Engineer: 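Submitted below is the structure of interest, expressed as C-alpha cells.
Remember, it's a predicted structure, so these values are computed and weren't measured experimentally.
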Amino acid sequence: MAAVAQAAELPSPTTAADLYLRTLVNHDEQAISQLNDYLRPNRLRSKRSPDYANAAELKAADRDFPGEVAEMVLSLFPEAQRKDLKAPAETLMRTVQQARQKSECKAGAASKPQRDKYGVLNTQVQFECLLVKTPETWAEGIQRMARNKLGTAQVVTELQALQKAYAAPASFNYQGAFPLSIVPKDKDKAWRNDFAHETVDEMFSEL
C-alpha cells in the first residue's frame with residue numbers, strides 16, 4: 001500500500017508510455033522533445049547524456065534505412081540480379097518504414113506499481129497499436145524468393161506485390177504491455193524504460 005500511495009504522487013506512467021511510443025514508433029518531433037524534457041533530470045542525475053532521443057539523428061536513420069536494408073536484401077540474390085532488384089527493394093523498404101511510422105498507438109491503463117526487493121517500483125502499461133499487417137512479412141517473402149531461386153522478373157513482381165500490401169491502410173490491432181520503472185530512493189521523478197526499443201522491436205518483428 002505504501003508503494004501504491006507513493007506512486008500516486010509521481011507522474012503518470014500512461015503519459016510516459018505514450019511519449020515513448022510516439023517517439024520510437026512515429027518519430028514524432030513533439031513527443032521527442034517532451035520525452036527528453038521529462039527524462040532529462042534523471043539522466044543528468046545519473047550522469048548520462050541529457051537527451052534520450054535526437055530528432056535529427058532519427059531523421060537521418062529514416063533517410064538511410066531503405067537503402068541500407070535493400071543492400072542486405074540484394075546480398076541474398078545472385079549478383080547478376082542485383083541491379084534490377086535494387087529499385088524495387090528500396091521502394092519496398094521505404095513503404096515498410098512508412099507503414100511502421102503511421103502506426104496509431106494508444107497507451108491505456110497502468111497496473112498498480114509493485115515494489116521489488118531493490119526498492120524499485122514497477123508497472124505495466126497496456127497499449128494498443130493499429131498496424132499494417134500483411135499475409136507475409138517482407139523478410140519472410142524475400143527469404144522465400146531467394147531460397148527458391150526465382151528469376152529476376154518474378155522477384156521484381158513479388159517485391160512490388162509486397163510493397164503494395166504494406167501500402168494498405170492499417171487494420172491490425174496489436175495489444176501489448178509497456179514496462180516502466182521508477183526508483184524513489186534515488187529521487188527518480190520519471191517513469192522510464194531503458195530497454196523500450198525491445199518492446200517496439202518485438203511488435204514490429206511480426207510485421
Engineer: Report, as yes or no, whether the 6.0 Å neighbourhood of atom CD on Glu104 holds more than 12 heavy atoms from other residues, nucleotides or ligands.
Structural biologist: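 No, CD of Glu104 has 12 or fewer neighbouring heavy atoms, counting only those of other groups under 6.0 Å.
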
Engineer: Quick one, Gln154 and Glu158 - any side-chain contact, counting heavy atoms below 4.5 Å?
Structural biologist: yes

Engineer: Rounded at 0.5 Å granularity, tell me how far OG in Ser103 sits from CZ in Arg22.
Structural biologist: 14.5 Å

Engineer: Is any side-chain heavy atom of Glu198 closer than 4.5 Å to a side-chain heavy atom of Asn193?
Structural biologist: no

Engineer: List the residues meeting ring pair (Phe, Tyr, Trp, His ring centres under 6.0 Å) with Phe178, not counting sequence neighbours, and say none if there are none.
Structural biologist: Tyr20

Engineer: Using the side-chain contact (heavy atoms from CB on, under 4.5 Å) rule, pick out the option among Leu35, Val200, Asp18, Asn36 that qualifies with Thr23.
Structural biologist: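 Checked Leu35, Val200, Asp18, Asn36 against Thr23; only one passes side-chain contact (heavy atoms from CB on, under 4.5 Å): Leu35.
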
Engineer: Using a strict 4.0 Å threshold on nitrogen-to-oxygen distance, state whether Arg45 and Asp188 make a salt bridge.
Structural biologist: yes

Engineer: Compare every heavy atom of Thr137 with every heavy atom of Leu162, then report the nearest pair and how far apart it is.
Structural biologist: CD2-O, 4.3 Å

Engineer: Membership question, hydrophobic clusters at under 4.5 Å side-chain separation (ILVMFWY): are Tyr174 and Leu130 in the same one?
Structural biologist: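 Different hydrophobic clusters.
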
Engineer: Considering all heavy atoms of both residues, which atom of Phe65 and which atom of Met93 are nearest to each other, and what is their separation?
Structural biologist: CE2-O, 3.7 Å

Engineer: Just how far is it from atom NZ of Lys187 to atom CG of Asn42, taken to the nearest 0.5 Å?
Structural biologist: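 The CG atom of Asn42 is 12.0 Å from NZ of Lys187, to the nearest 0.5 Å.
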
Engineer: Within a radius of less than 6.0 Å around CD of Glu136, do more than 12 heavy atoms belonging to other residues, nucleotides or ligands occur?
Structural biologist: yes

Engineer: What heavy-atom pair brings Ala190 and Ile182 nearest, and what distance separates the two atoms?
Structural biologist: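 Scanning both residues completely, I find the closest heavy atoms to be O-CG1, 3.5 Å.
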
Engineer: Got a donor-acceptor contact below 3.5 angstrom from the Lys149 side chain to the Pro78 backbone?
Structural biologist: no

Engineer: When hydrophobic residues are tied together by side-chain contacts of less than 4.5 Å, even through go-betweens, does Val155 share a cluster with Val96?
Structural biologist: yes

Engineer: Determine, using the 4.5 Å side-chain heavy-atom cutoff (strictly less than), whether Leu131 and Tyr166 are members of one ILVMFWY cluster.
Structural biologist: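 No, no single cluster joins them.
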
Engineer: Can you measure from NE2 (His27) to CZ (Arg100) and round to the nearest 0.5 angstrom?
Structural biologist: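 If I round to the nearest 0.5 Å, the distance is 10.0 Å.
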
Engineer: Backbone N or O of Glu57 within a donor-acceptor pair of the Asn54 side chain at under 3.5 Å?
Structural biologist: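 Yes, because the side chain of Asn54 sits within donor-acceptor range (under 3.5 Å) of the backbone of Glu57.
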
Engineer: For the CG atom of Asn122 and the CH2 atom of Trp191, what is their distance to the nearest 0.5 Å?
Structural biologist: 7.5 Å

Engineer: Give me the atom names and distance for the closest heavy-atom approach of Arg115 to Pro184.
Structural biologist: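 Closest heavy-atom pair between Arg115 and Pro184: NH1-CG, 4.4 Å.
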
Engineer: Is Lys59 salt-bridged to Asp62, cutoff N-O under 4.0 Å?
Structural biologist: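 The answer is no: the pair does not qualify as a salt bridge.
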
Engineer: Report yes or no: do Val25 and Ile32 belong to one cluster of Ile/Leu/Val/Met/Phe/Trp/Tyr joined by side chain heavy-atom distances under 4.5 Å?
Structural biologist: no

Engineer: Report the distance from atom CG of Leu21 to atom SG of Cys129, rounding to the nearest 0.5 Å.
Structural biologist: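 Taking CG in Leu21 and SG in Cys129, the distance rounds to 5.5 Å.
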
Engineer: How close do Val73 and Ala89 get, heavy atom to heavy atom, and via which atoms?
Structural biologist: CG1-CB, 4.4 Å

Engineer: Run through Val125, Thr123, Thr199 and flag the one making a side-chain contact (heavy atoms from CB on, under 4.5 Å) with Pro179.
Structural biologist: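 The option that passes is Thr199.
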
Engineer: What's the shortest heavy-atom distance between Phe127 and Ala177, and which atoms?
Structural biologist: CE2-N, 3.5 Å

Engineer: Would you mind reporting whether Arg43 and Ser49 have side-chain heavy atoms less than 4.5 Å apart?
Structural biologist: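 Yes; the side chains approach each other to less than 4.5 Å.
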
Engineer: Less than 4.5 Å apart, any side-chain heavy atom of Gln163 and any of Pro88?
Structural biologist: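 Not touching, per the 4.5 Å side-chain cut-off.
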
Engineer: When rounded to the nearest 0.5 angstrom, what distance separates NZ in Lys164 from OG1 in Thr95?
Structural biologist: 12.5 Å

Engineer: If only atom types and distance count, is the side chain of Arg82 paired as donor or acceptor with the main-chain N or O of Leu74 below 3.5 Å?
Structural biologist: yes

Engineer: Do Met203 and Leu19 share a hydrophobic cluster (ILVMFWY, side-chain heavy atoms under 4.5 Å, transitive)?
Structural biologist: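 As far as the 4.5 Å side-chain criterion goes, Leu19 and Met203 are connected within one cluster.
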
Engineer: Go through it in stages, so that I can follow the logic: the residues are Glu90 and Lys86, the test is salt bridge (charged side-chain N to carboxylate O under 4.0 Å, His left out), and I'd like the CA-CA distance, side-chain angles, deciding distance and then a yes or no.
Structural biologist: CA-CA 6 Å; Glu90 288 183 352; Lys86 186 176 186 336; 2.7 Å; yes

Engineer: Are Lys102 and Val132 close enough, and set up right, to give a side chain to side chain contact (heavy atoms under 4.5 Å, CB included), and what steps lead you there?
Structural biologist: CA-CA 9 Å; Lys102 72 181 181 184; Val132 173; 3.7 Å; yes

Engineer: Given 3.5 Å as the limit, does a donor-acceptor pair link the side chain of Ser33 with the main chain of Glu29, or not?
Structural biologist: no

Engineer: Taking side chain as C-beta onward, heavy atoms only, is Phe77 less than 4.5 Å from Leu150?
Structural biologist: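 A side-chain contact under 4.5 Å is absent here.
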
